[in-house]
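Bear in mind that the values here come from a model prediction, so they are computed numbers and not experimental data. When reading the values below, keep in mind they use all heavy atoms of this one structure, side chains included, and skip hydrogens, waters and symmetry mates. Per chain, numbering begins at 1; letters A, B, ... match sequence-line order.
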Number of protein chains: 2
Amino acid sequence: MKTIKEIAQEANVSEGTVDRVLHNRGGVSKKTEEKVRAIIKEYNFSVNPVASALALKNKFNIAVLIPAHNKSDLFWKSPNLGITKAAEDIKTFGTQVQTLTYNQQKPESYINTFHELLKSNPSAFIIAPSFSEETRNIVAILDDKKIPYLFLNIEIEGFNNLSFVGQDSFTAGYIAAKLMLSKTTESSEFLIIQSRKNITNNNAVFKRIEGFTNYFVKNEIPCKILTLEIESQDSKTLRKTKINTYLNNHPDIKGVFVPSSRIHMLVDCMADTYLKTLELIGFDNTPQNIECLKNNSVSFLISQKPFNQGYNAVKLMNDYLVKNNIPSHKIYLPIDILIKENVIYNENSY
Amino acid sequence: MKTIKEIAQEANVSEGTVDRVLHNRGGVSKKTEEKVRAIIKEYNFSVNPVASALALKNKFNIAVLIPAHNKSDLFWKSPNLGITKAAEDIKTFGTQVQTLTYNQQKPESYINTFHELLKSNPSAFIIAPSFSEETRNIVAILDDKKIPYLFLNIEIEGFNNLSFVGQDSFTAGYIAAKLMLSKTTESSEFLIIQSRKNITNNNAVFKRIEGFTNYFVKNEIPCKILTLEIESQDSKTLRKTKINTYLNNHPDIKGVFVPSSRIHMLVDCMADTYLKTLELIGFDNTPQNIECLKNNSVSFLISQKPFNQGYNAVKLMNDYLVKNNIPSHKIYLPIDILIKENVIYNENSY
DNA sequence: TATTTTTGTGTGTGCGCACACGAAATGTGT
DNA sequence: ACACATTTCGTGTGCGCACACACAAAAATA
């Protein structure tokens, strides 16, 4: 394998000049450039990627801003693991990754954590934008400082984000509806359960609901779709009565759709008779949700490749920083359909 | 990331001593060795593989032996893409990847291509062992030369392979049966179509069939399962008559299971009436198969993450060569359930 | 022609590690 | 006490590249 040094000798120029030609840095006379290019071509030369990687070290640091996970909502653990794994992989490029988490219930936490990250002057940001309004302010700062940023998991429009990595939530909801109907008769009612906060704030949840209802419209299925709002601060007893009385009052309900990762909480609240008769469909293969799949209370989970979301986002950003690869504007990861039998092969990300 | 230099400072020794400890070169007093080891452990230190590769002028090369793809069977294109992508990623470690493909119909081709690869003295092999018997001979050579190897996509037992990367074919078949029944009534007959060659030679196909039939046994579903053998060398007209007469003679058949990636060929042969009434389930999201999903002739495809199979296999082997990471003996990738609606997000690997 | 600006080119240093070489510390025998 | 062997340890160099810096030649300006 030729080296830059050898190419330089061959062309009677210095290594620096070859370097300039190779990286299109400019400042090389036309004549010498041509000469160097000819020799590069002649030997089909390309730089030693090992040496290159070593020399490029310690240049960039990526800041990651995502929600925290806790016992009742483990979802974000998995993207976090993906991020950590990617961080490990790109250490060889000297890229550092700093991840901080915020409280998904508190917009202030989102803002504060962002500013905390900003202190270390990151070369780029990866953000899960749970709060649409607050994101506007955050992004204004980044745009001003010309710091590139990418959205993770939650898709919002109208920003200069480098890319989005996540799921097509609309279609995911659409698929949920299709799966729901594959198991039930046509003349039924269906119930969507979700907190008000999520419906208005969380764009992914909103789109899933849109997709779900759209399936009925598009296929002209005359089923009634009801909505029940359960707030996250409600006590368990309150939730229980709310849900069970609602189901009791609507005996035609044949299936329940939960457009978030918290379906296990509802399973926890529902009376056994409902668990046996109703079709339940929810999102994300968190350990608790998997348990619901295994004990037959939930029929399907739709998973959004949480691990890969984190992993890909970080690698994408690194490729952008290090190699100047511009990613596609939207990267939709597969919509996984999980059932009792295949869920174990998707478990390892928690 | 810590460096040897930093570890040395911390331990009040020279870099040389740390190097000696790291590589068990000996010539270090017990006391200092312990001190150094303690600090290495404390920081969970490991050498920068890139710098290491540069200093060593590492020249690992991984040989990859997989089936070729052609217009009628595109399956292997996708693992190949994954392999190429991984090859790009691991260039930074100085590892080269050489991929050669063989004719899946001809065992000689398998053997010959193997020997072709062997010529360049590879540090390791990645093999898709389509032919069980021939693999025995191949592996004997590798064992003799102490060249590590791992199996890709097709799982066979009784070898010293470093690892296996692929799918749990039995469960995949099991899931196919479950999906089949979600769409049909209980008192039906089902048909498995496959070539004799594949059933006896290709272990993945064999296991899928096992899993499929096992579902009926385990759940005590009294359906009759029939098998029709179609040889790949049969002409299209012959296939057409074979299939359609068979279906005609067995009017109770409600679903057809094709345990290979060639379901599109059967769709091509089946009369329209059958396409409309029968449930078809096959494997792999090749472009032709996706087309069948989109035009509603096929209900489900089961996908085995072909791209990731290739990608992971190569990266795993590289980690083994470069960092001495020993992988798990079996790495089962997710069993993807594909339907019309989510298939587009799995399309990009072809 | 003298002086400033622009353009073109070479040199030096560091990235983190592997390994050769040589120096110091310790041990052995007389 | 000495000379000498052996064990233990530190230093220096190179792997190939990226990039900052210095410097010379050419062009532009006065």
Side-chain angles (χ1 to χ4, degrees), chain A residues 1-37 39-40 43-61 88 90-96 123 318 321-324, chain B residues 1-37 39-40 43-60 90-96 321-324:
Chain A
M1 208 177 190
K2 288 262 173 207
T3 68
I4 285 188
K5 198 172 168 185
E6 292 172 297
I7 298 294
Q9 282 170 352
E10 195 88 17
N12 284 319
V13 295
S14 71
E15 301 179 41
T17 301
V18 177
D19 174 74
R20 276 182 276 270
V21 173
L22 280 172
H23 297 86
N24 302 308
R25 297 192 210 281
V28 181
S29 76
K30 218 171 177 179
K31 215 170 11 170
T32 53
E33 171 159 1
E34 275 169 15
K35 189 170 54 177
V36 172
R37 282 205 193 285
I39 295 183
I40 288 174
Y43 292 109
N44 198 6
F45 170 83
S46 63
V47 297
N48 178 335
V50 179
S52 177
L54 185 60
L56 277 169
K57 260 191 97 59
N58 278 337
K59 291 266 172 293
F60 301 110
N61 57 327
E88 195 62 36
I90 64 175
K91 264 188 188 171
T92 59
F93 297 101
T95 305
Q96 307 255 331
S123 341
N318 183 60
L321 294 173
V322 175
K323 310 179 193 166
N324 241 314
Chain B
M1 208 179 187
K2 287 263 172 206
T3 67
I4 285 189
K5 197 172 168 185
E6 291 172 295
I7 298 294
Q9 282 171 352
E10 195 87 19
N12 283 318
V13 296
S14 73
E15 301 178 39
T17 302
V18 176
D19 174 73
R20 276 181 276 270
V21 172
L22 280 171
H23 296 87
N24 302 308
R25 296 193 209 281
V28 181
S29 76
K30 217 170 178 180
K31 214 170 17 174
T32 51
E33 170 159 1
E34 275 169 15
K35 189 169 56 178
V36 172
R37 283 207 192 283
I39 294 182
I40 288 174
Y43 293 109
N44 198 7
F45 170 81
S46 63
V47 297
N48 179 334
V50 174
S52 179
L54 182 61
L56 284 170
K57 297 230 274 176
N58 249 358
K59 270 273 165 267
F60 289 120
I90 64 175
K91 266 191 186 167
T92 57
F93 298 102
T95 306
Q96 306 243 330
L321 294 173
V322 174
K323 309 179 194 167
N324 241 314

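L54(A) places its CG atom 10 Å from the C1' atom of dA18(D), with the value rounded to the nearest Å. Between L22(A) atom CG and dA18(D) atom P the separation is 7 Å, expressed in whole Å. Across the protein-nucleic acid pair, K57(B) atom NZ and dC17(C) atom C1' stand 15 Å apart, rounded to whole Å. Remark: P of dT7(C) and NZ of K30(A) are 15 Å apart, rounded to the nearest angstrom. In this structure, CD of E34(A) is placed 15 Å from C1' of dG8(C), rounded to the nearest angstrom. What separates CZ of R25(B) from C1' of dC9(D) is a distance of 14 Å, to the nearest Å. Atom pair K5(B):NZ and dG10(D):C1' shows a separation of 14 Å (rounding to whole Å applied). At whole-Å resolution of the value, NZ in K2(B) and P in dG16(C) are 12 Å apart.
Within 4.0 Å of N48(A), counting heavy atoms only, lie sugar-phosphate atoms of the nucleic acid but no base atom. Residue contacts for F93(B): at a heavy-atom cut-off of 4.0 Å it reaches no nucleic acid atom on any strand shown. Across all strands shown, V50(B) has no heavy atoms under 4.0 Å from either base or sugar-phosphate atoms.
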Please report the C-alpha distance between E33(B) and V36(B) in whole Å, then the side-chain angles of each, then the deciding distance to 0.1 Å, and finally whether the side chain to side chain contact (heavy atoms under 4.5 Å, CB included) criterion is met.
CA-CA 5 Å; E33(B) 170 159 1; V36(B) 172; 5.9 Å; no

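Between dG16(D), dG16(C), dA18(D), one nucleotide has an atom nearer to the side chain of T3(B) than all others, and that is dG16(C). In this structure, the nucleotide among dT11(D), dC15(C), dA18(C) sitting nearest to the side chain of A55(A) is dC15(C). Side-chain proximity of S14(A) to dT9(C), dT11(D), dG16(D): nearest is dT9(C). Taking only side-chain atoms of I4(A), from C-beta outward, the nucleotide of dA18(D), dG16(C), dC9(D) with the closest atom is dA18(D). Among the nucleotides dG8(C), dC9(D), dA18(C), the one closest to any side-chain atom of S29(A) is dG8(C). Here dC19(C) is the nucleotide among dC17(D), dG16(C), dC19(C) with the atom lying nearest to any side-chain atom of L56(B). In the set dA18(D), dG10(D), dC17(D), the nucleotide with an atom closest to the side chain of F45(A) is dC17(D).
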Without placing hydrogens or testing angles, list every side-chain donor-acceptor pair under 3.5 Å for residues 15-22 of chain A, not counting sequence neighbours.
| unit_1 | atom_1 | unit_2 | atom_2 | d |
| --- | --- | --- | --- | --- |
| T17(A) | OG1 | S14(A) | OG | 3.4 |
| D19(A) | OD1 | H23(A) | ND1 | 3.3 |
| D19(A) | OD1 | R25(A) | NH2 | 3.3 |
| D19(A) | OD2 | R25(A) | NE | 2.8 |
| D19(A) | OD2 | R25(A) | NH2 | 3.2 |

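One can find a donor-acceptor pair under 3.5 Å joining the base of dG10(D) and the side-chain atoms of R20(B).
Geometrically, K2(A) does not engage F45(A) in a cation-pi contact, judged by NZ or CZ lying under 6.0 Å from the ring centre and within 45° of the ring axis.
Within the 3.5 Å criterion, the main-chain N or O of K91(A) finds a donor-acceptor partner in the side chain of K57(A). For E34(A) (side chain) and K31(A) (main-chain N/O), no donor-acceptor pair under 3.5 Å exists by modelled atom type.
Close to dT8(D), at under 4.0 Å from its OP1 or OP2, lies no side-chain N or O of T17(B).
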